[in-house]
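From a predicted model like this one, the values you see are computed outputs, not experimental measurements.
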Amino acid sequence: MDFNDADLRSRYWHTTSHIMAHAVKRLYPETRLGIGPSIDQGFYYDFDHETTFSPDELKNIEQEMKKIIREKLPLERFELPRQEALDLMEEKGEIYKIELIHDLPEDEVISFYRQGDFVDLCSGPHLEHTGQVKAVKLTQAAGAYWRGSEKNKMLQRIYGISFPDRQMLIDYIQQQAEARKRDHNKLGRELGFFTTTDYIGQGLPIMLPKGAKVLQILERFVEDEEEKRGYQLTKTPFLAKSDLYKISGHWQHYQDGMFVMGDPEKEAEEEVLALRPMTCPFQFQAYLQKTRSYRDLPIRYSETSTLFRNESSGEMHGLIRVRQFTISEGHIICTPEHLDKEFSDSLELARFMLKTIGLYEDVSYRFSLWDPKDTDKYIGSAAQWDAAQSAMRRILDHMDLDYTVADGEAAFYGPKLDIQIRNVFGKEDTLITVQIDFQLAERFGMTYTDKEGHKQHPFIIHRTSIGCYERTLALLIEKYAGALPLWMAPEQARVLPISEKHITQAEQLAEKLRQHGLRVTVDQRDEKVGKKIREAQMDKLQYMLILGDQEVEAGTVSVRSRKEGDMGVMPVGDLINRLLRESNERVN
RNA sequence: GCCGCUGUGGCUCAGGGGUAGAGCAAUUCACUCGUAAUGAAUAGGUCGUGAGUUCAAUUCUCACCAGCGGCUCCA
């Protein structure tokens, strides 16, 4: 059995989910079945069950699954005409399956799989018999809405995973434990990058000096790079009157996600302000401050922009989902002729950033379209959406980019190309996004005069280059397990004097390195050098500089690198050159 | 917002209806030390917050707050 084969793996896990459902039905016959697919890593099944399954109950289910596996029950496929299929599910009381059958197209073949006395509506495919599943573990129970809609009932979901042999399961569990050690939310707090407090609140992290330093390094790098690429920096206000958001459509389509100050009911008498959830309308105001010619375009605005979004309580997570964050935001205002180049340049800039920080290999691309069935969520007409989407599709295909298409994931004003990344738990999030907008220029009355002297509405590209800094930092911490590459490390080297009598020289050495712009500290504590090394290692320091009698006398320094260990002594000048080269070349 | 788990000194954790312990960290002292933890002493907590039950609550119940895993939503 080749478990590297994705199809086989998914069949394997899908069959395991049937075994789990079978076990649940044996133990809790009243339970009704939802759906139970295989996923990236394992499988789940949703059950309509009175209470959440406790860890003990999961153990029992696991035991029952082992019995079913030992019974080596064959999985038999059979098909039924629609009415008979409905009758069968009716007889078993499977109301959710009935709903699924009703939603199948008229001409769809309706198939079932049977193992022993358990029958499930399913298109398959499956393994031949339950005995082929060897090592099983149910990993967690969680609530999940029926058909993914919060308007529906919440079912009880059980996640699990299975493998063809015991050792693979042990390895998997081990691997998960290792991954968890990289979790930015744990490591980032331990290493002193950020913290949160009850008094400030959820989703509002405090960036401690170390975290703040990394963000500053990234921000300066991005601002400088964007300036080289023709962007102009703006600094726009963090809040605005509701009037602004009414024009942009945020008031109608995004208000739930905004912090509003004042009472919208009394708007006639009182001022109502809101913190900005996006930068676009602000930079549009900058564009509007004078009349524009086609000769002025493209105009590329960028801003290291702090945004505020009122996320609901259960959605916050470490630095990945927060209520206040800072993004490398920018808007390119251009003519139709510029669109292709500006869009592909924006994407190229984002990919350059990913390469520089070392995440280039870890991302996937998602082309996010609107949902024409849910037009209330969006502004603009179907014709405008078709135009923007087909323009983006044309550019993407021209760039030979490997992407997936996601319906209903667009912004309310236009389609997006999202650069997706997975965190240490395998959960996918958007890191970077580049969007095409054919709508907001018109709403804001943004125009330029074309060659013929006619007023035209420009096209707008909404884009971020490195994404939101907090989220990017979170993924960097996970990628490098806290040991950030030298160029972005908050503390690049630490001088470790052997004893108290070397402290003065240690300070002099550190000062000399600082003169070259290196971020260096001295461990002045009255501790043995072994302990100082151990703690520097745990603090993820890239370089430890040990200074004792020998080095002081010879004018050298003993260098220990995190990666290579003891590197022996070297002249201070050599050390400086080495550190500067590694830092300036942004070696990852 | 929804389903569930968790909350004990700065950190990791033990305990448990009769007002609390360990290791690390911190402070002080001694040692002046050569590549992943020197030793000793001292100090530090109204057990997340607020109600309720009880003679008595950190322990039981409820609510709230915060952290975690999912769902929904999203950069």
Using atom [atom1] of [X] as one end and atom [atom2] of [N] as the other, report the distance to the nearest whole Å.
| X | N | atom1 | atom2 | answer |
| --- | --- | --- | --- | --- |
| A/Ile327 | B/A75 | CD1 | C1' | 5 Å |
| A/Lys186 | B/G69 | NZ | P | 12 Å |
| A/Ile200 | B/G67 | CD1 | P | 11 Å |
| A/Arg534 | B/U38 | CZ | C1' | 14 Å |
| A/Trp370 | B/C74 | CH2 | C1' | 21 Å |
| A/Asn423 | B/C74 | CG | C1' | 14 Å |
| A/Leu496 | B/U35 | CG | P | 12 Å |
| A/Glu315 | B/C2 | CD | C1' | 10 Å |

Looking at [N], which nucleotide sits across from it as a Watson-Crick or G-U wobble partner, both distances under 3.5 angstrom, or is there none?
| N | result |
| --- | --- |
| B/C71 | B/G1 |
| B/U58 | none |
| B/G10 | B/C24 |

Taking only residues two or more places apart in sequence or in another chain, which ones pass side chain to side chain donor-acceptor pair (under 3.5 Å) with [X]?
| X | answer |
| --- | --- |
| A/Gln524 | A/Glu507 |
| A/Glu57 | A/Tyr28, A/Ser54 |
| A/Asn60 | none |

On the 0 to 90° scale, with breaks at 30° and 60°, tag the A/His18-A/His14 ring pair as parallel, tilted or perpendicular.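 A/His18 vs A/His14 ring planes: perpendicular.
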Ring geometry between A/Tyr413 and A/His250 (parallel below 30°, tilted from 30 to 60°, perpendicular above 60°):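 Plane angle between 30° and 60°, so tilted.
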What distance do A/Leu473 atom CG and A/Thr326 atom OG1 have between them, rounded to the nearest 0.5 Å?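 Going from CG on A/Leu473 over to OG1 on A/Thr326, the span is 12.0 Å.
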[X] and [Y]: side-chain donor and acceptor closer than 3.5 Å?
| X | Y | answer |
| --- | --- | --- |
| A/Ser364 | A/Gln420 | no |
| A/Thr304 | A/Glu223 | yes |
| A/His331 | A/Gln283 | yes |

Shortest non-hydrogen separation from A/Ala388 to A/Pro415 and the atoms involved: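 Minimum heavy-atom separation between A/Ala388 and A/Pro415: CB-CD, 3.7 Å.
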Does the structure show A/Phe425 stacking with B/G69, if we require the centres to be closer than 5.5 Å and the planes to be within less than 30 degrees of parallel?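 No, aromatic ring not over the base.
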So what does [X] hit on the nucleic acid, given a heavy-atom distance under 4.0 Å: a base, only sugar-phosphate, or nothing?
| X | value |
| --- | --- |
| A/Gly192 | nothing |
| A/Glu409 | nothing |
| A/Glu190 | nothing |
| A/Ala142 | base |
| A/Lys416 | sugar-phosphate |
| A/Gly548 | base |
| A/Phe53 | nothing |
| A/Asp256 | nothing |
| A/Asp418 | nothing |
| A/Gln537 | base |
| A/Glu500 | base |

NZ/NE/NH1/NH2 to OD/OE distance under 4.0 Å, A/Arg300 and A/Glu342: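 Here A/Arg300 pairs with A/Glu342 in a salt bridge, since their nearest N and O are under 4.0 Å apart.
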Quick check on [N]: is either OP1 or OP2 less than 4.0 Å from any side-chain nitrogen or oxygen of [X]?
| X | N | value |
| --- | --- | --- |
| A/His317 | B/G69 | yes |
| A/Tyr159 | B/C71 | yes |
| A/Lys427 | B/C71 | yes |

Under the side chain to side chain contact (heavy atoms under 4.5 Å, CB included) rule, collect the residues that match up with A/Thr196, sequence neighbours excluded.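 With sequence neighbours excluded, A/Thr196 shows a side chain to side chain contact (heavy atoms under 4.5 Å, CB included) to A/Arg189, A/Pro205, given in chain and number order.
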For nucleotides [N] and [M], find the distance between their [atom1] atoms and express it as a whole number of Å.
| N | M | atom1 | result |
| --- | --- | --- | --- |
| B/G45 | B/C13 | C1' | 15 Å |
| B/C60 | B/G15 | P | 13 Å |
| B/U19 | B/C71 | C1' | 42 Å |
| B/C64 | B/C55 | P | 28 Å |

Checking only heavy atoms, does the side chain of A/Arg321 share a donor-acceptor pair with the base of B/C73 at less than 3.5 Å?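 When only heavy-atom distances are counted, A/Arg321 does reach the base of B/C73 through a donor-acceptor pair under 3.5 Å.
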Nearest to the side chain of [X] - [options]?
| X | options | answer |
| --- | --- | --- |
| A/Lys528 | B/C71, B/C33, B/U35 | B/C33 |
| A/Glu551 | B/G34, B/C71, B/A36 | B/G34 |
| A/Lys531 | B/C74, B/G34, B/A25 | B/A25 |
| A/Tyr254 | B/A36, B/A25, B/C74 | B/C74 |
| A/Asp526 | B/C33, B/G34, B/C71 | B/C33 |
| A/Ile498 | B/C33, B/A75, B/U35 | B/C33 |
| A/Gln140 | B/C33, B/A36, B/G70 | B/G70 |
| A/Thr430 | B/A75, B/C71, B/C3 | B/A75 |
| A/Arg560 | B/A25, B/A75, B/A36 | B/A36 |
| A/Gln202 | B/G34, B/A66, B/C73 | B/A66 |

From CA spacing to verdict: salt bridge (Lys or Arg N to Asp or Glu O under 4.0 Å), A/Arg422, A/Glu478: CA-CA 10 Å; A/Arg422 287 179 186 281; A/Glu478 295 186 358; over 6 Å; no
Taking for each residue the nucleotide of RNA chain B with the nearest heavy atom, is it A/Ala144 or A/Glu428 whose nucleotide lies nearer the 5' end?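 So the residue in question is A/Ala144.
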For A/Asp418, run the side-chain hydrogen bond (donor to acceptor under 3.5 Å, both in side chains) check against A/Thr430, A/Thr433, A/Thr404 and tell me which one passes.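 Only match with A/Asp418 under side-chain hydrogen bond (donor to acceptor under 3.5 Å, both in side chains): A/Thr433.
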Below 3.5 Å between N/O atoms, which protein atoms pair up with nucleotides 41-50 of chain B? Just atom names and distances, please.
none

Near RNA chain B, which residues from residues 460-483 of chain A have a heavy atom under 4.0 Å away?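 Of all residues in residues 460-483 of chain A, the ones placing a heavy atom under 4.0 Å from RNA chain B are A/Cys468, A/Arg471.
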